[in-house]
K.L.:
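Would you mind keeping the following structure in view while I ask a few things?
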Number of protein chains: 2
Amino acid sequence: MNPIQVGLLGIGVVGSGTFNVLRRNQEEIKRRAGRGIEITMVADLDVARAQSLVGPDVKVVNDARAVIANPDIDIVIELIGGYGIAKTLVLEAIAAGKHVVTANKALLAVHGTEIFAAASKKGVMVAFEAAVAGGIPIIKALREGLTANRIEWIAGIINGTTNFILSEMRDKGINFDVALKQAQALGYAEADPTFDIEGVDAAHKVTIMSAIAFGIPVQFDKAYVEGITKLGAADIKYAEQLGYRIKLLGITKRRELDAAQHTSAGVELRVHPCLVPAKRLIANVEGAMNAVMVQADAVGTTLYYGKGAGSEPTASAVIADLVDITRLHTADAAQRVPHLAFQPNAMSDLPVLPMSEVVTSYYLRLRVADEAGVLAKVTGILASLSISIDAVLQREADEVGGQGGVVQIAQTDVIILTHDCVEAKMNAAIGLMQALPTVLEPITRIRKEELA
Amino acid sequence: MNPIQVGLLGIGVVGSGTFNVLRRNQEEIKRRAGRGIEITMVADLDVARAQSLVGPDVKVVNDARAVIANPDIDIVIELIGGYGIAKTLVLEAIAAGKHVVTANKALLAVHGTEIFAAASKKGVMVAFEAAVAGGIPIIKALREGLTANRIEWIAGIINGTTNFILSEMRDKGINFDVALKQAQALGYAEADPTFDIEGVDAAHKVTIMSAIAFGIPVQFDKAYVEGITKLGAADIKYAEQLGYRIKLLGITKRRELDAAQHTSAGVELRVHPCLVPAKRLIANVEGAMNAVMVQADAVGTTLYYGKGAGSEPTASAVIADLVDITRLHTADAAQRVPHLAFQPNAMSDLPVLPMSEVVTSYYLRLRVADEAGVLAKVTGILASLSISIDAVLQREADEVGGQGGVVQIAQTDVIILTHDCVEAKMNAAIGLMQALPTVLEPITRIRKEELA
């Protein structure tokens, strides 16, 4: 059988990794797929550079549409990125009857519903293993490996840049700004790191996993997104003393109606720094590595760990998609793995809950005047809202202020861990506590998940 | 579309879990598979018990052949276990044109080649996700998720019973016999625990993974199998002091020809207790949990963690196979995922290496007379065979012996960690060291893997 021909749009870091791995392991891949898989045409704005990467046997053009128009090409890989021209080209490739492989999480998290509908209508596949957690086959695990299960929640370290920064902050006791500079110097963070450190990249990925886990449309606009830029070394240290690590997690959770707690049924979809018990395996995922924990009713907890980015790890996922398409393109379209795990006519209308309806536990740090009765007032406010306390850590007082003979104020940190409550209630409690004259600085609130 | 009909052979722990999960999550599964999946017929020797488990709507018979002969049934699940009647029935089901799902690792590790050949000839699928690591979708990860890669090695905690026992031995400082009794009392070990504690169960599983990773036939008879029955609390404690944990690992590794080291090309296939650096994620897999680490050229290290046994975790894997078959049975047989990951006509003839040709590093514990020059003699033997030493731990001397006025002999433990060497060389070294008059007891040798 002739090799299946693949066109590549954009030959940057992941594109060249894909080309190299496909060529280096071509025999091994053919022995698995039963058919050769070859990139025969590449589109890139820098034609000369692209040609030097792929050699003289591969046709290189600067016009992506020439690849899409090539009738010998069955699969188009989109590695351009972003929502702009990438979206247009993916839709054009689908319209031309090509199967599409993409690593573009931003595109799918925002426009996935439209793209998958177009693909289903045309009878082609859009595969995107590389869009979430790089080389870890998490999309396959969720869509195929766990099909027996009702998935309850997913919590993932799905951004290597921020996990590297948090690991450095903890290891070295340094602040965010210093750790970011180190990450940039080492190539773990980009010159403009906004998408990573503000949690946007992780939110794209958890949006896609949420859709697959619960059979809901991708709804990036409903995701709560909070990054790591405000985390201080002190909170990391206090968390450690209480037996926790702070990780940036992408979390999505199915929530039933709970009349007693006044919470609605729906799906939580959120990215934020999170305290995790230090003994959990995921708390020990260090550096730029990724890991995704999945809780499901039959299998219980499973965890998937590996490199979430980089040239060849991401290429590994792109090529796995190429092999899948090579295998599946002869199957009845109705029998293929659905794009979002559930058949398009069997999607759920479970709403994504607003952050105020999320239920979680909390780490609170209050900078207070060291006076009698402060703790009683604070805990009284929590009790009045039926928020129960799991642990309190009170530091010895520091003497601060007092320049030029002014009276010094003794201050101290009070750290409170709470049990689960609805975020709206916690917002109210923080408002009341913040209004106390003895609470001297803005209260730090970090969410906490036991992941048990 | 009508539901796909499934026949179940054997309704024990996993069978009833499969029936229950399939029924409980039937809507969710149908939304994913695009078609209902129903167990409509069950064969079990205890018909009354089986009927009470499945209710009146499912036909229950005591003759498995009646299930196989039922023309309405497309898929047969074999959950009988063992090599005997299970083999006959699987082959008969294949001959009758049924797809087969099995959790029977023993059957596949020993007779897999014959069974897969029969299935390929008949054009049916034999699916076996549940045979390795229970609910963890590791077969899918290896066969489909990592198709881009040249796999280098796999190391797995793939027997929950022994991992539970080792966790207890370390946590509580107890010996093997005590920990085994606790595991039996808690239901983690069977009344006859031989297959688990002697490493046979793990060897069945790593044999299957080895075939899938390297495209070689299943060759259980070539596997090296060593259990945990001889491990002592002292070795676990010494390992801890050196920064290691002891785990029972199933290991399979691709080895290139190395003329300098006089080692041949081939595949290592072995189960034995193993020192693993305590900081590795896999070293922190505790209790009855399973985890499989895979090293591959493009993706690097990935790890898959979850429950390796139990009713519903195993059912999760069985049902994932049912969904896969429901999806794939309309695809060209040539395009399906090959049973052993590689096309039957593209298998490798890489030999499984004998244990004497395995390359690894070692932990050695020698009980020696506390005399000057002992360490020099021991290290001299290692040096003479070009075995290099990574670390030495020498304990303070104990006074032992000396009953009834007999002269006491001061004894001590010397622990040596070596760098990599060929096992044949280590065997020679141990022989020479054992012959030293100052070495007082049989030398303890535990292999060590850095898993870096």
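Letters A, B, ... are given to chains in the order of the sequence lines, protein chains preceding strands, and every chain is numbered from 1.
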K.L.:
I'd like to know which of B:Leu322, B:Thr326, B:Leu340 tops the heavy-atom pair count under 4.5 Å against chain A.
P.N.:
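The residue among B:Leu322, B:Thr326, B:Leu340 with the greatest pair count is B:Thr326.
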K.L.:
In Å and rounded to the nearest 0.5 Å, what is the CG to CG distance from A:Leu249 to A:Leu451?
P.N.:
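These two atoms lie 6.5 Å from each other.
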K.L.:
Could you tell me which portion of A:Arg150 (side chain, backbone, both or neither) has an atom closer than 4.5 angstrom to a non-hydrogen atom of chain B?
P.N.:
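Contact with chain B involves both backbone and side-chain atoms of A:Arg150.
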K.L.:
Report which part of A:Thr18 has an atom under 4.5 Å of a heavy atom belonging to chain B: side chain, backbone, both, or neither.
P.N.:
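The answer is neither part of A:Thr18.
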K.L.:
Under a 4.5 Å cutoff for heavy-atom pairs, which residue among A:Lys140, A:Gln343, A:Met293, A:Arg31 has the most contacts with chain B?
P.N.:
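With the most close heavy-atom pairs to chain B, the winner is A:Arg31.
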K.L.:
Verify whether one side chain among B:Asn25 and A:Asp297 offers a donor that lies under 3.5 Å from an acceptor in the other.
P.N.:
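Looking only at side-chain atoms, A:Asp297 and B:Asn25 do form a donor-acceptor pair, the distance falling under 3.5 Å.
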K.L.:
Under a 4.5 Å cut-off applied to non-hydrogen side-chain atoms, are A:Thr102 and A:Ile77 in contact?
P.N.:
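They are not in contact (no side-chain heavy atoms under 4.5 Å apart), so the answer is no.
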K.L.:
Counting heavy-atom pairs under 4.5 Å to chain B, which of A:Ala296, A:Ser348, A:Gly145, A:Gly135 comes out on top?
P.N.:
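Answer, by heavy-atom pair count under 4.5 Å with chain B: A:Gly145.
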K.L.:
Which residue out of B:Pro338, B:Ala317, B:Ala346, B:Ala298 racks up the most heavy-atom pairs below 4.5 Å with chain A?
P.N.:
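Between B:Pro338, B:Ala317, B:Ala346, B:Ala298, the count favours B:Ala298.
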K.L.:
May I ask you to check whether A:Glu450 and A:Tyr244 show a side-chain donor-acceptor distance below 3.5 Å?
P.N.:
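The answer is yes; a qualifying pair exists.
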K.L.:
Give a yes or no on this: more than 12 heavy atoms of other residues, nucleotides or ligands lie within 6.0 Å of atom OH of A:Tyr188.
P.N.:
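It does not: A:Tyr188 OH has 12 such atoms or fewer within range.
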K.L.:
Check A:Glu240 with A:Arg245, please: is the shortest side-chain N to carboxylate O separation under 4.0 Å?
P.N.:
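Yes.
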K.L.:
Take B:Lys30 and B:Glu38 through the test salt bridge (charged side-chain N to carboxylate O under 4.0 Å, His left out) and record every step on the way to the result.
P.N.:
CA-CA 10 Å; B:Lys30 187 180 174 183; B:Glu38 286 180 14; over 6 Å; no
K.L.:
Using 30° and 60° as the class boundaries, would you call the ring planes of A:His99 and A:His329 parallel, tilted or perpendicular?
P.N.:
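If you compare the ring of A:His99 with that of A:His329, the planes turn out perpendicular.
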K.L.:
So which of B:Gly300, B:Pro313, B:Gly134 has the biggest tally of heavy-atom pairs under 4.5 Å with chain A?
P.N.:
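Looking at each option in turn, the highest pair count goes to B:Pro313.
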K.L.:
So which of B:Arg35, B:Arg24, B:Arg336 has the biggest tally of heavy-atom pairs under 4.5 Å with chain A?
P.N.:
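Max contact count across the listed options: B:Arg24.
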K.L.:
Is the Lys NZ or Arg CZ of A:Arg255 less than 6.0 Å from the centre of A:Phe214's six-membered ring, within 45° of the axis?
P.N.:
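Judged by the rule (NZ or CZ under 6.0 Å from the ring centre, within 45° of its axis), A:Arg255 is not positioned above A:Phe214.
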K.L.:
If you draw a 6.0 Å radius around NZ in A:Lys307, do more than 12 non-hydrogen atoms from other residues or ligands fall strictly inside?
P.N.:
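Count not over threshold, so no.
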K.L.:
So which of A:Asp321, A:Ile29, A:Ile138, A:Leu303 has the largest heavy-atom pair count under 4.5 angstrom toward chain B?
P.N.:
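Option with the greatest count: A:Leu303.
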K.L.:
Measure B:Ala33 against the heavy atoms of chain A and call it side chain, backbone, both or neither at under 4.5 Å.
P.N.:
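The backbone, not the side chain.
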K.L.:
In terms of heavy-atom pairs under 4.5 Å with chain B, which of A:Val21, A:Thr302, A:Asn149 leads?
P.N.:
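Looking at each of A:Val21, A:Thr302, A:Asn149 in turn, A:Asn149 comes out on top.
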K.L.:
Apply salt bridge (charged side-chain N to carboxylate O under 4.0 Å, His left out) to A:Glu28 and A:Arg32, showing your working.
P.N.:
CA-CA 6 Å; A:Glu28 193 113 352; A:Arg32 290 189 175 108; 3.8 Å; yes
K.L.:
Side chain to side chain contact (heavy atoms under 4.5 Å, CB included) for B:Ile11 and B:Leu79? Distances and angles first, verdict last.
P.N.:
CA-CA 7 Å; B:Ile11 185 156; B:Leu79 294 174; over 6 Å; no
K.L.:
Taking A:Pro137, A:Gly306, A:Ala148, A:Gly215 one by one, which has the highest count of heavy-atom pairs under 4.5 Å against chain B?
P.N.:
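Looking at each of A:Pro137, A:Gly306, A:Ala148, A:Gly215 in turn, A:Ala148 comes out on top.
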K.L.:
Sort A:Glu129 into side chain, backbone, both or neither according to what part of it lies under 4.5 angstrom from a heavy atom of chain B.
P.N.:
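Looking at A:Glu129, nothing touches chain B.
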K.L.:
Is B:Arg143 close to chain A through its backbone or its side chain, or both, or neither, when contacts mean heavy atoms under 4.5 Å?
P.N.:
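Only the backbone of B:Arg143 comes within 4.5 Å of chain A.
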K.L.:
Considering only heavy atoms, which portion of A:Val337 lies under 4.5 Å from any heavy atom of chain B: side chain, backbone, both, or neither?
P.N.:
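When you check distances to chain B, atoms from both the backbone and side chain of A:Val337 fall under 4.5 Å.
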K.L.:
Is there any residue in residues 276-289 of chain B with a non-hydrogen atom under 4.5 Å from a non-hydrogen atom of chain A, and which ones are they?
P.N.:
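Only B:Leu281, B:Asn284, B:Val285, B:Met289 of residues 276-289 of chain B have a heavy atom under 4.5 Å from chain A.
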K.L.:
Nearest 0.5 Å, please: how far is CG in B:Leu146 from OG in A:Ser316?
P.N.:
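With rounding to 0.5 Å, OG (A:Ser316) is 5.5 Å from CG (B:Leu146).
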K.L.:
Is any side-chain heavy atom of A:Glu144 closer than 4.5 Å to one of B:Asp324?
P.N.:
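Heavy-atom side-chain distance check passes, below 4.5 Å.
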K.L.:
Is it the side chain or the backbone of A:Ala291 that comes within 4.5 Å of chain B heavy atoms, both, or neither?
P.N.:
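Answer is neither: A:Ala291 stays 4.5 Å or more from chain B.
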K.L.:
Measure the spacing between CD1 of B:Ile154 and CZ of B:Arg254 and express it to the nearest 0.5 Å.
P.N.:
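That separation rounds to 10.5 Å.
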K.L.:
Of the backbone (N, CA, C, O) and the side chain (C-beta and beyond), which part of B:Ser311 lies under 4.5 Å from a heavy atom of chain A, both, or neither?
P.N.:
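It is neither, since no heavy atom gets under 4.5 Å.
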K.L.:
Counting only heavy atoms closer than 4.5 Å, note whether B:Thr314 contacts chain A via side chain, backbone, both or neither.
P.N.:
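No part of it gets close to chain A.
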